[in-house]
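Worksheet for the structure shown next.
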Amino acid sequence: MCALSFVISRYLRALMNLDIKSLLTGEKTDIQLTVRGWVRTFRNNQFIALNDGSTNQNLQVVVDFNWFDDALLKRITTSACISASGKLVASQGKGQQVELIADTIEILGDSDAEKYPLQPKKHSLEFLREKAHLRFRTNTFGSVFRLRNALSYGIHKFFQERDFVYMHSPIVSASDAEGAGEMFRVTTLDISKTPKTEDGNVDFSQDFFGRSTNLTVSGQLEAELAAMALGKVYTFGPTFRAENSNTTRHLAEFWMIEPEVAFNELKENADLAEEMLKYVIRYAMEKHADDIDFLDARLADEEKQKPLQERQEFSLKEKLNFVLDNDFERITYTEAIKILLDSPAYKKKKFQYDVKWGIDMQSEHERYLVEKHFKKPVIVTNYPKAIKAFYMREDEGCEPGFETVAAMDILAPGIGEIVGGSQREERLDRLEQRMKEMHIPTEEMFWYLDLRRFGTCKHAGFGLGFERLVQFVTGMGNIRDVIPFPRTPKNCEF
RNA sequence: UCCUCCUUAGCUCAGUUGGUUAGAGCACAUGACUGUUAAUCAUGGGGUCCCCCGUUCAAGUCGGGGAGGGGGAGCCA
């Protein structure tokens with residue numbers, strides 16, 4: 001008897017575990033089952049639009065109000081969590097293939113309709129940002145976060161299929177020499193009365209780690225160490241920058257993917273980045289075609305509100321397909337500058353900032369190259385040495401005054417820099433000299449230099465800003481809308 | 001950090017040259033209806049007009065300061 005009930009309960013659970021996405025295919029009908037989810041709307045005292053997060057499509061649960069207690073029906077409010085059991089049948093109505101004729105409904109979690117802040121209508125993204133704990137329950141954020149997940153998995157899948165080793169780089173870092181930006185201090189000292197050294201500075205020898213520590217701004221240097229033994233590695237973890245950046249493209253806490261490959265040179269590095277981007281975009285689009293469709297329509301709707309000249313040339317889907325179907329444009333920095341100097345925009349003095357060889361290109365320049373000139377992702381390589389990081393490999397045979405390094409940035413339409421990478425300087429003497437020039441303490445970085453002392457080799461890698469990738473794929477304009485709980489200057493709610 | 005715009009009901013927004021009791025749609029409540037698709041119809045409740053100071057007989061409206069938010073720039077991924 002016990003065994004029988006066990007088998008029955010297993011069978012029932014198998015039925016119960018069907019999510020709404022799979023039920024809506026219409027492959028299974030005339031079966032008895034239970035669904036659980038959150039009420040989106042309750043129309044006509046008769047039709048519940050039930051959502052369980054598996055898709056933006058709702059399952060229509062049909063209620064015969066003559067059979068149910070009025071008190072129960074009153075509790076079926078927007079965002080209430082319910083369990084509904086009944087028979088899944090072909091729908092009599094037009095809007096959906098199947099519907100569930102409810103025998104029993106259980107309220108799992110009430111939702112006071114008067115107090116619940118979200119309505120079955122379009123809300124502004126700004127408003128939802130202030131309700132970040134509830135915005136998962138909207139179609140837009142449902143789609144965004146399912147796609148974020150698919151992109152995340154797609155990245156692991158891409159690297160794992162190519163036998164890369166996933167490496168966890170440290171979150172707490174003692175190095176403040178990475179030069180990637182302002183850092184958040186990590187300390188257990190009582191900040192209201194910090195211990196002081198004789199010369200009046202904070203005595204970090206009494207701190208938890210016995211030295212000054214910060215949150216990581218990059219896992220790259222550590223990834224290089226691993227790549228020099230494991231060959232192909234990647235990191236994928238949180239990254240922290242204490243810059244006072246208030247833009248649609250910056251977060252104080254974000255996730256970054258940093259592959260590092262021994263023996264790779266600049267071109268192979270660019271190949272890897274392009275292949276990876278195409279792979280993960282394709283994966284996410286195939287996995288969640290319906291979410292892409294939803295966001296595509298959403299964006300098209302939003303574009304309609306804008307004046308003609310401000311509208312995007314491509315829809316979201318057109319943009320993504322275009323990226324998949326075409327090679328990224330590859331140009332050197334020197335060529336990019338030449339294009340800018342020859343451009344009508346430059347000749348008509350449309351640029352706010354001047355263009356000449358040696359400048360760090362401004363947003364307006366990058367946008368011109370990507371959005372006006374090439375109209376697709378562009379890989380710009382071989383930047384001037386003077387504007388790039390110390391660890392980038394100096395190019396051979398440069399004209400004096402025009403020294404470049406083996407750097408590469410991938411610029412994406414609408415987002416700007418999505419990938420930044422380089423071939424690393426593997427020659428000890430060159431690296432030491434460069435660090436001295438840039439006042440980077442070589443003693444503290446002994447471990448990084450040791451790599452060049454003991455079996456050095458050419459290697460290359462890049463950093464991909466994960467949220468910028470999610471922005472690109474979802475078409476979301478503000479980076480705060482592609483991470484569940486954004487951390488930005490003056491904002492650490494939730 | 002700089003430039004710029006915004007802040008009026010739970011949400012989205014209107015509010016004229018400063019003038020009586022600040023409006024609409026949606027949401028919510030009550031009722032009607034019952035195969036709806038953000039259901040519909042009727043009725044109703046709901047306001048620190050972001051805050052402070054000032055000008056004025058009179059401020060949602062004008063001036064100054066502040067706070068919060070959006071967009072752009074810089075820095076970057």
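Throughout, protein chains are lettered first and strands after them, A, B, ... in sequence-line order, and every chain is numbered starting at 1.
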- Task: Compute the centroid of each ring, for A/Tyr368 and then for A/Phe351, and state whether the two points are separated by less than 6.0 Å.
- Result: yes
Lys/Arg N to Asp/Glu carboxylate O, [X] vs [Y], below 4.0 Å:
{"X": "A/Lys74", "Y": "A/Asp70", "value": "no"}
{"X": "A/Glu467", "Y": "A/Arg148", "value": "yes"}
{"X": "A/Glu364", "Y": "A/Arg367", "value": "no"}

- Under a 3.5 Å cutoff on both atom distances, Watson-Crick or G-U, what's the dot-bracket for RNA chain B ([ ] crossing, | other strand)? (((((((..((((.....[...)))).(((((.......))))).....(((((..]....))))))))))))....
- Task: Using a heavy-atom cut-off of under 4.0 Å over every strand shown, decide if A/Asn478 touches base, sugar-phosphate, or nothing.
- Result: sugar-phosphate
- Message: Taking any heavy-atom pair under 4.0 Å as a contact, classify A/Tyr353: base, sugar-phosphate, or nothing.
- Response: sugar-phosphate
Protein N or O to nucleotides 12-15 of chain B N or O, pairs below 3.5 Å:
unit_1	atom_1	unit_2	atom_2	d
B/U12	OP1	A/Ser124	OG	3.2

Provide a list of protein-nucleic acid N or O atom pairs under 3.5 angstrom, restricted to nucleotides 29-34 of chain B.
unit_1	atom_1	unit_2	atom_2	d
B/U34	O2	A/Asn44	O	2.6
B/U34	O2	A/Asn44	OD1	3.0

Take the protein atom [atom1] of [X] and the nucleotide atom [atom2] of [N], then report the distance between them rounded to whole Å.
{"X": "A/Glu493", "N": "B/G69", "atom1": "CD", "atom2": "P", "result": "10 Å"}
{"X": "A/Leu125", "N": "B/G69", "atom1": "CG", "atom2": "P", "result": "16 Å"}
{"X": "A/Ile359", "N": "B/G74", "atom1": "CD1", "atom2": "P", "result": "11 Å"}
{"X": "A/His365", "N": "B/C76", "atom1": "NE2", "atom2": "P", "result": "16 Å"}
{"X": "A/Asn51", "N": "B/A38", "atom1": "CG", "atom2": "P", "result": "14 Å"}
{"X": "A/Glu243", "N": "B/A73", "atom1": "CD", "atom2": "C1'", "result": "15 Å"}
{"X": "A/Asn66", "N": "B/G35", "atom1": "CG", "atom2": "P", "result": "11 Å"}
{"X": "A/Glu364", "N": "B/G74", "atom1": "CD", "atom2": "C1'", "result": "12 Å"}

In whole angstrom, give me the gap between the [atom1] atoms of [N] and [M].
{"N": "B/C2", "M": "B/G65", "atom1": "P", "result": "14 Å"}
{"N": "B/A38", "M": "B/C28", "atom1": "P", "result": "15 Å"}
{"N": "B/U8", "M": "B/A59", "atom1": "C1'", "result": "14 Å"}
{"N": "B/U43", "M": "B/G19", "atom1": "P", "result": "30 Å"}
{"N": "B/G72", "M": "B/C53", "atom1": "P", "result": "36 Å"}
{"N": "B/G44", "M": "B/C49", "atom1": "P", "result": "24 Å"}
{"N": "B/A9", "M": "B/G46", "atom1": "C1'", "result": "6 Å"}
{"N": "B/G45", "M": "B/C6", "atom1": "P", "result": "34 Å"}

Looking at [options], which one has an atom nearest to any side-chain atom of [X]?
{"X": "A/Glu126", "options": "B/C26, B/G74, B/G69", "result": "B/G69"}
{"X": "A/Gln60", "options": "B/G74, B/U36, B/G72", "result": "B/U36"}
{"X": "A/Thr78", "options": "B/A39, B/C28, B/C75", "result": "B/C28"}
{"X": "A/Thr41", "options": "B/G74, B/A73, B/A38", "result": "B/A38"}
{"X": "A/Gln96", "options": "B/C11, B/G74, B/U37", "result": "B/U37"}

- Query: What parts of residues 129-136 of chain A reach RNA chain B, counting only heavy atoms under 4.0 Å away?
  - Reply: A/Arg129
- Task: Mind running a 4.0 Å heavy-atom check of residues 269-282 of chain A against RNA chain B and sending the residues that fall below it, in number order?
- Result: none
- Not counting sequence neighbours, list each pair that qualifies as a side-chain hydrogen bond (donor to acceptor under 3.5 Å, both in side chains) and has a residue in residues 121-136 of chain A. A/Arg129-A/Asp481, A/Arg135-A/Asp481
- Using 30° and 60° as the class limits, which term best fits the ring planes of A/Tyr234 and A/Tyr166: parallel, tilted or perpendicular? parallel
- Item | Identified side chain to side chain donor-acceptor pair (under 3.5 Å) partner of A/Lys388 from the options A/Asp360, A/Asn382, A/Asp409, A/Thr404 | A/Asp409
- Message: Among A/Glu224, A/Arg424, A/Glu265, A/Arg393, which residue satisfies the side chain to side chain donor-acceptor pair (under 3.5 Å) criterion with A/His459?
- Response: A/Glu224
